[in-house]
Amino acid sequence: MDLTPLTEPLDDTVRVVGRLAPPLGRLKIRRVIDLLNHFPRTYNQRVSVSQLKPGMYASVTGHVVSAENKATKRSRMKLTEVMVEDSSGTIKAVFFNQPWLTGKFQPGLRVRVSGPVDYAYNSWTIKPTAFELNPSPLEHGLEAEYPLSEGISNEDFTDLELQVIDRAALIPDPLPEVLSKQLRLMPIPEAYRQAHMPDHAKALEAARLALKYREFFLLQAGLKLRRRSEAGDAELAIKVDDDLRGRALKHFPFEFTAAQTRVCQEIEEDITTPGRMHRLLQGDVGSGKTAVALYAALLMLDNAYQAAIMAPTEVLARQHFANIRAYMRDTKVRVELLLGGMKKSDRDALMADLADGKIHILIGTHALIEDYVKFKKLGLCVIDEQHKFGVRQRATLRAKGNRPHVLAMSATPIPRTLSMTVYGALDVSVIDELPPGRTPVITEWIHRSREKHAYERIRKELKEGGRAYFVYPLVNESDKLEAKSAVEFAETLKNDTFPEFRVGLVHGQMSTDEKDAAVQAFREGKLDILAATVVVEVGVDVPEANIMVIENAERFGLAQLHQLRGRVGRGRKQSYLFLFGDPKTDEAVKRLNTICMTHDGFRIAEEDLKMRGFGDFVGTRQSGLPKLHIGDFESDYEALHRARIDAAKYGDQIDEALIRTCLELHFGRRYRLLDV
Ligand code: ADP
Ligand code: MG
């Protein structure tokens, strides 16, 4: 199958006028297939004025009656109003800040205006997102409207797509034949043609569905293939029996929760059967993920393998180290910590022992992926807060062993439905239960006028031995000015609000040593109050801290607020979260109310997803998903779900070489990023 006509650069094939090269480059359209996969973002229905309905996206053709510029009273916006008339009625096209348009819309000229229409005060208006002067006669019922960039017009795209559309016939179909027949999807060439040049609404709908389904299927098949290749790996020969189980569990000063026990069983199953574990462990902060990870590590090292635990920050790595060392106190298990800034002689000694197999569990930051780190027999990689690492970093750690098992952990829950579909072929475990004895954090939203009152309650708690975080939002951690305001904020706390208590500060502009020193002092009780920027978001564990105040809470996202709250409520004392802020938008009000009302991380994640939309939610957190061309993870949920089921069902009939070709063609090199 020769795909060159699809993969060759546009310049060689298509009459790309020089002026179009920069905008096409900006839109990342380089190959013929990229152009074919540049789908319209919406379609305007070509209708006459009498057929309009409020809210529809329409394309109206008529003659210009008049065109004039107006200034709006309140804002400084300039309006251009163009009256367009067809045989059935009149519509007013309103343009913003383009006064020169009056010169173009000469009365009597035939024009086409496209965009959303509205009906008010007995007249139709349209806010054109596209227009054409002297348009060609109507060919289709629907007019495609493309995502544009400066310097390229909708007409340019219409023209370009026409030049390449025939080549869609060369695109291979990823679907197994049985499935193709059964689903009766529109064939690929026809689907591409209808998506770009629809004949009518029905054909368009069928075309888009066919393309979306194939895109999702391809994604799911790709995940499946990767899984299959891992399942083929030689066994690591891990044996787990009751004796080992008992010995491993003995190290923990508590009973595992039912949820932890279930996840431990899932992990045992993974590591004792052929294939590699590639499991994403989700659970709220404090739900006991680290304990589970250590349990897994203990099973591995009893089978003569080493384990690595990588955390995104030094504070977090140190904390894991302190906790795990404490669990392993009276054993022969050797646990060590590797950080970036270590003295070379210390590091060399550590690395020699690691290569010798004398170190059983190595905990560390990104330093773990440095070239000098060599394990004797690495069997398990634990990656904490996995979304904080890049795909390549995670892969580099993995490459330190001979295809070790991977346990990725995340405290930022992804809604269940979503992780099931998006990570279709990966294993996801969830700890949905907190260890016993935790009292839920009392969360209150404090209005400005009640701040003094809240301070008094905090004072009382501090007097009784409590400890408090004061979190201060920084828009930009690296900004010196912002850091200065955090410093001022801490000064005010120290000198004015709580002069009788000891106040410390951590912020992003401080060195790691300074940060660690402040957190350490707070942990040891040498500070009563720790004023902090969002650096406390990740992982600080100070069980005695029972109060958190979040300033300008309206500036934080839901997930962030929830993560922050996880820093308190870890000890026996009743804990409090006070949200200071006066939100200006409905959405911000809703966020604060949600946090006050629910403690369930998954419910919060679902809300967060609803409020922010999928792209934002996933885009910022979970790298590793390719950009879809036509499907939408959120609104096309059904097609996605269907494709997932089908890919699982027809998995054995998937032609591996074909899927690889299709993946490369469709997603470019990005498909390799499919990874937890
Ligand atoms: P995570 O990594 O999910 O944030 P950790 O494993 O660090 O959670 O556990 C948080 C705290 O709860 C730790 O102090 C840990 O010792 C404790 N813990 C974990 N599991 C249990 C349990 N089953 N019962 C009681 N305490 C537990
Ligand atoms: Mg943790």
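Values reported hereafter were calculated over all heavy atoms of this structure, with side chains retained and with hydrogens, waters and symmetry mates removed. Note that ligands are numbered from 1 as they come in the structure, with each ligand's atoms numbered from 1 the same way.
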Decide yes or no on salt bridge (Lys or Arg N to Asp or Glu O under 4.0 Å) for E461 and R457, but give the supporting numbers first. CA-CA 6 Å; E461 283 293 326; R457 285 168 65 191; over 6 Å; no
Taking the inter-plane angle between the rings of F389 and H366 on a 0 to 90° scale, is it parallel (under 30°), tilted (30 to 60°) or perpendicular (over 60°)? tilted
Below 30° counts as parallel, above 60° as perpendicular, anything between as tilted: where do the rings of F252 and Y295 land? tilted
Which atoms of ligand 1 have any heavy atom of [X] under 4.0 Å away?
{"X": "E255", "value": "22 (C), 23 (N), 24 (N)"}
{"X": "F256", "value": "23 (N)"}
{"X": "S287", "value": "3 (O), 8 (O)"}
{"X": "Q260", "value": "19 (C), 20 (N), 22 (C), 23 (N)"}
{"X": "T257", "value": "23 (N)"}

N/O to N/O below 3.5 Å, does that happen between Y327 and ligand 1? yes
Any N or O on A291 sitting closer than 3.5 Å to an N or O of ligand 1? yes
Hey, is M409 touching ligand 1 through its side chain, its backbone, both or neither, going by heavy atoms under 4.0 Å? neither
Counting heavy atoms only, which of A259, P543, G288, A293 comes nearest to atom 5 (P) of ligand 1? G288
Determine whether a donor-acceptor pair (N or O, by modelled atom type, separation under 3.5 Å) exists between the side chain of K573 and the backbone of N546. no
Honestly, is K377 close enough over Y305, meaning NZ or CZ under 6.0 Å from the six-membered ring centre and within 45° of the axis? yes
Is NZ or CZ of R591 both nearer than 6.0 Å to the six-membered ring centre of F556 and within 45° of the ring axis? no
Aromatic ring proximity, centroids under 6.0 angstrom, Y455 and F580: yes
Under a heavy-atom criterion of less than 4.0 Å, does G283 contact ligand 1? no
